[in-house]
Amino acid sequence: MLKHLSRIVSAVLLAGAVTAGPALAADLQEIIAAGKVRIGVPVDVAPFGSNDANNQPVGLDVDMANNIAKALGVELELQQITGANRIPYLATDKLDIVIAAMGATPERALQIAFTSPYAALSVGVFGPDSIAITSADQITSETIAVARGTTQDLLLTELAPNATIQRYDDDATAAAAFISGQAQLLATADIVAKDLMEKNPGAELKPKFLMQFSPCYIGIQQGSPELLRWLDTYIHVSQLDGTLSALSEKWIGTKLPTLPAI
Amino acid sequence: MIRELGPNDIVYLLEAARWTIALALIAMVAGGVLGLVVAVLRIVAFAPANWLAIGYINLVQGTPLLGQLFIFFFGLPLFGIQVGAWEAAALALSINASAFLGEIWRGSLQSVSPRQWEAGAALGLNYWQRLTSVILPQAVRISIAPTVGYLMQLVKDTSLTALIGFIELTRASQILSAATFKPLQVYGLAAIAYFVICFSLSRLSQHLEKRTHAAR
C-alpha cells in the first residue's frame with residue numbers, strides 16, 4: 001500500500017514539477033563550466049550496480065558513469081539512486097544523468113529524455129523442469145516472482161494477463177520468494193538466474209522462455225539538447241570501437257549485439 | 001556477480017545504524033522542542049492559538065510520514081530550495097514527532113487533576129510554583145511511557161527515509177541484500193539492530209520512571 005501511495009505522491013509532485021516550471025536543466029556547456037557532472041547509478045541492481053565486498057559501488061553502470069565523466073573531462077559526482085526515485089531525481093534537477101539499466105517507454109519519455117541504448121540483457125522466465133511451459137500465455141495457476149517496475153515486470157504484465165504476478169522490491173527479494181517456494185517461477189535476467197543456480201544448489205532455474213533482449217538507455221533531464229547529442233555521439237563511437245561490447249562481456253558475460261539508435 | 005555475505009558487511013550495517021540513531025536523535029530533540037510549543041499552544045487560554053495547534057496536529061497526524069518525506073525531498077526543490085536526503089529526512093521526522101509528542105504532552109498535562117492546581121493555590125503557591133512543583137512532576141511521570149513508546153515508533157519510522165535514498169539501516173540492508181541475494185539473513189541482522197536500539201530505549205524508560213519522585 002505504501003508503494004502505491006508513494007507512486008501517487010510522486011505522480012502528484014511530478015505534475016507539480018511540470019506546472020511550477022522545473023529548474024532549468026544543466027546543458028553540456030554548463031556541466032563543462034561547472035567542472036563536474038552529477039550521475040545517478042543503482043546500487044541494488046547487480047550486475048549494473050551493486051556494492052562490492054568493500055562496499056564500494058561497482059558494475060556496468062558505474063563503469064559507464066566513470067567513462068562518461070572522463071570523456072567529458074569533468075569530475076564525477078556519483079549518486080546512489082533507487083528505482084523509485086531515479087526519474088524524480090532528474091525532474092527536480094538533483095542529477096544531470098541517470099545510468100540505471102533503464103528501459104525506455106513512451107510514458108517515461110514524457111518526463112525525461114533517453115539516449116541511444118548502451119547495454120542490453122535478455123530477460124526471461126525461469127523455473128523447475130516439473131513446470132512445462134514454453135510461452136507466457138501458457139502460465140495459468142503458477143505464481144511468478146518479479147522485481148517491480150523492471151522491464152520483465154512490464155513485459156509479463158502485458159504478455160501473461162492470466163498469470164499471478166508477485167512484485168517484489170528487487171531481484172534479491174524476488175529470488176528469495178522463488179527459493180523459499182512462495183513463487184513457482186521467477187522472471188529475471190538470464191545472468192541472474194544462471195548465477196543463482198550456481199550459488200544455490202537446490203534452486204532449479206531452467207529457462208522456460210525468453211521474453212526479450214531488452215536494451216538499457218541513459219536518461220537525462222529534458223531541455224538539454226546538447227548533452228543528449230553528446231551522449232548519443234559518445235555511445236555511437238563506443239559501440240563502434242568495441243568499448244561497450246567489452247563492458248558487456250565484463251559484467252553480463254555476453255558480447256553486445258548491434259543495437260539500433262533511438 | 002552475486003557475492004558472499006562477509007564480515008565487512010556487518011560493519012557496513014553497523015555504520016548505517018549510526019545514521020538511524022542520529023536521525024532518531026535529531027527528530028527527538030527538534031521534535032521535542034517544537035512539540036513543547038505545540039503542547040503549550042494547545043492548552044493556553046487563547047482560542048486562536050488552540051485552533052492553530054489543533055490544525056497543525058491534525059494536518060501532520062492525518063497525512064502519512066512517507067508523503068511528508070516526499071513533499072520535503074521532491075517538493076522543496078520546486079520552489080528553488082535545494083535539500084539533500086539528510087535535511088529532508090531530519091525535517092520531515094522532526095515535524096512529524098512534534099505533532100505526536102505535543103499531543104502526548106498536552107494529554108499528560110491535562111490528566112493531572114485540576115484540583116491539584118486549586119490545592120496549590122490554597123497553599124499560597126503562585127502560578128509558576130504550582131506549574132513547576134506540583135503539576136509538571138506528575139505530568140512528566142505520566143508522559144514517560146507514551147513518550148518512549150512513540151520514540152520507539154520513531155526509530156522504526158526512520159526506515160521510511162530509505163525510499164528517498166537516505167542510507168540508514170533499511171536502505172543499507174536493501175543494498176546489501178541486492179549484492180548478496182540473501183535478504184533473509186541481511187534483514188534479520190537489521191531487525192536485530194532495530195531491536196537493540198528500541199530495547200535500550202525501553203530500559204531507559206523503566207529507569208526514568210523509577211527515578212521521578214512524583215506521588216503515584
Side-chain angles (χ1 to χ4, degrees), chain A residues 2-3 5-6 8-10 12-14 16-17 19-23 40 42-47 49-55 57-59 79-82 84-86 88-89 91-94 147 168-173 175-177 179-180 191-192 194-196 198-200 251-253, chain B residues 1-16 63-85 88 92 157 159-167 170-188:
Chain A
L2 277 181
K3 304 288 172 200
L5 191 78
S6 75
I8 294 171
V9 171
S10 47
V12 168
L13 288 173
L14 277 174
T19 46
V43 280
D44 47 13
V45 189
S50 63
N51 275 8
D52 69 5
N54 298 314
N55 283 303
V58 291
Q79 170 80 44
Q80 310 186 342
I81 48 126
T82 66
N85 71 17
R86 56 191 179 183
Y89 258 84
T92 55
D93 193 33
K94 285 183 194 292
Y168 293 88
D169 254 1
D170 49 33
D171 266 336
T173 27
I179 290 169
S180 65
I191 167 127
V192 173
K194 219 181 287 170
D195 218 16
L196 272 171
E198 280 168 24
K199 301 273 157 67
N200 300 279
W251 292 106
I252 303 177
Chain B
M1 186 193 84
I2 299 173
R3 66 177 178 81
E4 292 302 316
L5 199 60
N8 267 354
D9 297 325
I10 313 265
V11 178
Y12 180 70
L13 276 184
L14 287 179
E15 278 176 359
T63 51
L65 177 57
L66 186 61
Q68 293 163 11
L69 275 170
F70 273 53
I71 283 168
F72 284 112
F73 189 59
F74 293 120
L76 288 184
L78 300 181
F79 302 100
I81 307 164
Q82 288 299 331
V83 283
D157 279 349
S159 63
L160 280 176
T161 61
L163 271 142
I164 56 170
F166 183 67
I167 303 184
T170 298
R171 178 76 190 129
S173 310
Q174 287 175 348
I175 292 171
L176 211 52
S177 149
T180 58
F181 278 68
K182 297 224 165 25
L184 194 61
Q185 289 89 327
V186 172
Y187 289 117

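Quantities reported herein were computed from a predicted structural model and do not represent experimental measurements. Protein chains get the first letters and strands the later ones, always in sequence-line order, with residue 1 at the start of each.
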Contacting region of [X] [heavy-atom separation from chain B under 4.5 Å]:
X        : result
A:Val58  : neither
A:Lys194 : neither
A:Ala46  : both

Practice task
Against chain A, work out which of B:Ile2, B:Ile175, B:Val11 has the most heavy-atom pairs shorter than 4.5 Å and name it.
Solution key: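 Winner by heavy-atom pair count: B:Ile2.
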
Exercise for the section: For chain A, find which of B:Leu5, B:Leu184, B:Ile164, B:Leu176 contributes the most heavy-atom pairs closer than 4.5 angstrom. Expected result: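 Heavy-atom pair counts peak at B:Ile164.
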
Problem - Interchain contact, B:Ala172 with chain A, by part (heavy-atom threshold 4.5 Å) - result: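 No part of B:Ala172 comes within 4.5 Å of chain A.
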
Handout entry: Closest-packed option against chain B by number of heavy-atom pairs under 4.5 Å, given A:Asp52, A:Asn55, A:Val45, A:Asn51
Key =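 When all of A:Asp52, A:Asn55, A:Val45, A:Asn51 are compared, A:Asn55 has the most.
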
Problem - Validation row: A:Thr82, B:Leu163 side chains within 4.5 angstrom (heavy atoms) - result: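 Answer no - side chains too far apart.
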
Exercise for the section: Report yes if some heavy atom in the side chain of B:Thr161 is under 4.5 Å from a heavy atom in the side chain of B:Phe73; otherwise report no. Expected result: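 When only atoms from C-beta onward are counted, B:Phe73 and B:Thr161 do not touch, as no gap falls below 4.5 Å.
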
Verify, without hydrogens or angle tests, whether [X] (side chain) and [Y] (backbone) share a donor-acceptor contact under 3.5 angstrom.
X        : Y        : answer
A:Asn200 : A:Leu196 : yes
A:Lys94  : B:Gln82  : no
B:Asn8   : A:Ala53  : yes

Practice task
Could you tell me whether B:Arg3 and A:Asp195 make a salt bridge, using a distance below 4.0 angstrom between a side-chain N and a carboxylate O?
Solution key: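 A:Asp195 and B:Arg3: not salt-bridged.
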
